[in-house]
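Quick caveat, the model's predicted, so the values are computed rather than measured.
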Amino acid sequence: MTNISVRYIVDDVDAAVDFYTSLFQFEVAMQPAPGFAMLRRGELRLLLNSPEGGGGAGQTLTDGSRPEPGGWNRFQLQVDDLDVAVANARKAGVELRGDVTTGRGGRQALVPDPAGNLVELFESYT
């Protein structure tokens with residue numbers, strides 16, 4: 001299998017599609033209904049579902065719990081220049097979650113999508 005899929009639950013699929021395509025150069029692979037879209041960037045497929053938006057991913061489970069957006073899970077996009085990527089996000093009106101942080105392997109910034117799901121922008125030291 002060459003594709004990697006990440007599924008995010010979002011409040012507004014159209015807003016999420018606009019966010020990922022305009023800010024992070026994802027392409028729309030399909031958007032067959034208002035409650036679902038599949039985006040692609042390289043080998044990453046990003047599946048966007050609204051709660052109760054049709055299909056299995058947005059359905060309430062038998063225990064009564066239902067999918068909700070947000071949280072701390074995220075996928076990482078490596079960038080060549082974190083300062084430029086952060087400036088572009090801010091210019092687009094996006095507020096980062098916290099400040100840029102520095103770790104052993106590089107620097108990172110957490111960018112929330114319109115539903116609060118996180119994207120980690122990462123600049124490696126190597």
Side-chain angles (χ1 to χ4, degrees):
M1 177 181 232
T2 59
N3 290 310
I4 300 162
S5 296
V6 172
R7 185 180 310 276
Y8 272 168
I9 304 299
V10 299
D11 298 312
D12 182 332
V13 172
D14 290 333
V17 167
D18 182 54
F19 175 83
Y20 286 103
T21 57
S22 65
L23 198 56
F24 299 123
Q25 294 75 49
F26 277 83
E27 296 177 359
V28 177
M30 71 166 70
Q31 191 170 2
F36 175 76
M38 179 191 299
L39 307 182
R40 182 177 298 281
R41 183 173 186 231
E43 292 184 15
L44 173 62
R45 292 186 311 181
L46 180 58
L47 311 175
L48 303 170
N49 285 85
S50 63
E52 303 297 331
Q59 293 181 11
T60 300
L61 301 178
T62 55
D63 68 359
S65 60
R66 54 176 274 165
E68 296 178 3
W72 285 93
N73 292 325
R74 60 196 183 248
F75 63 89
Q76 182 186 83
L77 294 177
Q78 191 156 351
V79 297
D80 293 328
D81 188 326
L82 184 61
D83 296 323
V84 168
V86 165
N88 288 340
R90 287 186 172 140
K91 189 184 323 179
V94 177
E95 293 288 328
L96 274 61
R97 182 175 288 175
D99 294 325
V100 171
T101 59
T102 301
R104 293 181 187 155
R107 302 181 318 133
Q108 70 179 29
L110 299 179
V111 179
D113 75 7
N117 298 300
L118 296 176
V119 177
E120 177 183 320
L121 302 178
F122 179 78
E123 177 185 353
S124 175
Y125 289 140
T126 58

Are any non-hydrogen side-chain atoms of [X] and [Y] less than 4.5 angstrom apart?
X	Y	answer
Val6	Arg45	no
Glu95	Pro112	no
Val28	Met38	no
Val111	Phe19	yes
Val119	Leu110	no

Looking at Arg40 and Glu27, is any side-chain nitrogen of the basic one under 4.0 Å from a carboxylate oxygen of the acidic one?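 Looking at Glu27 and Arg40, the cut-off is not met.
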
State plainly whether one hydrophobic cluster holds both Leu77 and Val84, where clusters connect Ile, Leu, Val, Met, Phe, Trp and Tyr through side-chain heavy atoms under 4.5 angstrom apart. no

Taking only residues two or more places apart in sequence, or in another chain, which ones meet Glu68 in a side-chain hydrogen bond (donor to acceptor under 3.5 Å, both in side chains)?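 Not a single residue meets the side-chain hydrogen bond (donor to acceptor under 3.5 Å, both in side chains) criterion with Glu68.
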
Test your reading of the model: is there a side-chain donor-acceptor pair from Glu123 to the backbone of Leu82, 3.5 Å cut-off? yes

Roughly how far, to the nearest 0.5 Å, is the [atom2] atom of [Y] from the [atom1] atom of [X]?
X	Y	atom1	atom2	value
Leu39	Ser5	CG	OG	11.0 Å
Asn73	Asn117	CG	CG	9.0 Å
Leu23	Leu121	CG	CG	8.0 Å

Under the criterion side chain to side chain contact (heavy atoms under 4.5 Å, CB included), I'd like the reasoning laid out for Phe26 against Leu44: C-alpha separation, chi angles, the key distance, then a yes or no. CA-CA 9 Å; Phe26 277 83; Leu44 173 62; 3.9 Å; yes

May I ask you to check whether over 12 heavy atoms, not counting those of Asp81, lie within 6.0 Å of atom CG?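 Enclosed: over 12 neighbouring heavy atoms sit under 6.0 Å from CG of Asp81.
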
Exercise: identify the closest heavy-atom pair between [X] and [Y]:
X	Y	value
Val10	Pro51	O-CD, 3.3 Å
Gln108	Glu120	OE1-OE2, 2.8 Å
Arg74	Leu118	CB-O, 3.2 Å
Arg107	Tyr125	CG-OH, 4.0 Å
Ile9	Ala115	O-CB, 4.2 Å

Starting from the C-alpha separation in whole Å, work towards a yes-or-no answer on side chain to side chain contact (heavy atoms under 4.5 Å, CB included) for Ile4 and Phe75. CA-CA 11 Å; Ile4 300 162; Phe75 63 89; over 6 Å; no

Partners meeting ring-ring contact (aromatic ring centres under 6.0 Å, His included) with Phe122 (sequence neighbours left out): none

Are side-chain N/O atoms of Asn49 and Arg7 paired as donor and acceptor at under 3.5 Å?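 Yes, because at least one side-chain N or O of Asn49 sits under 3.5 Å from a partner of the opposite role on Arg7.
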
Assign the ring pair Tyr8 / Tyr20 to parallel, tilted or perpendicular, where the plane angle (0 to 90°) is split at 30° and 60°.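 Taking Tyr20 first and then Tyr8, their aromatic rings sit tilted (interplane angle of 30° to 60°).
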
Pair Asp14-Gln31, side chain to side chain contact (heavy atoms under 4.5 Å, CB included): steps then yes or no: CA-CA 9 Å; Asp14 290 333; Gln31 191 170 2; 2.9 Å; yes

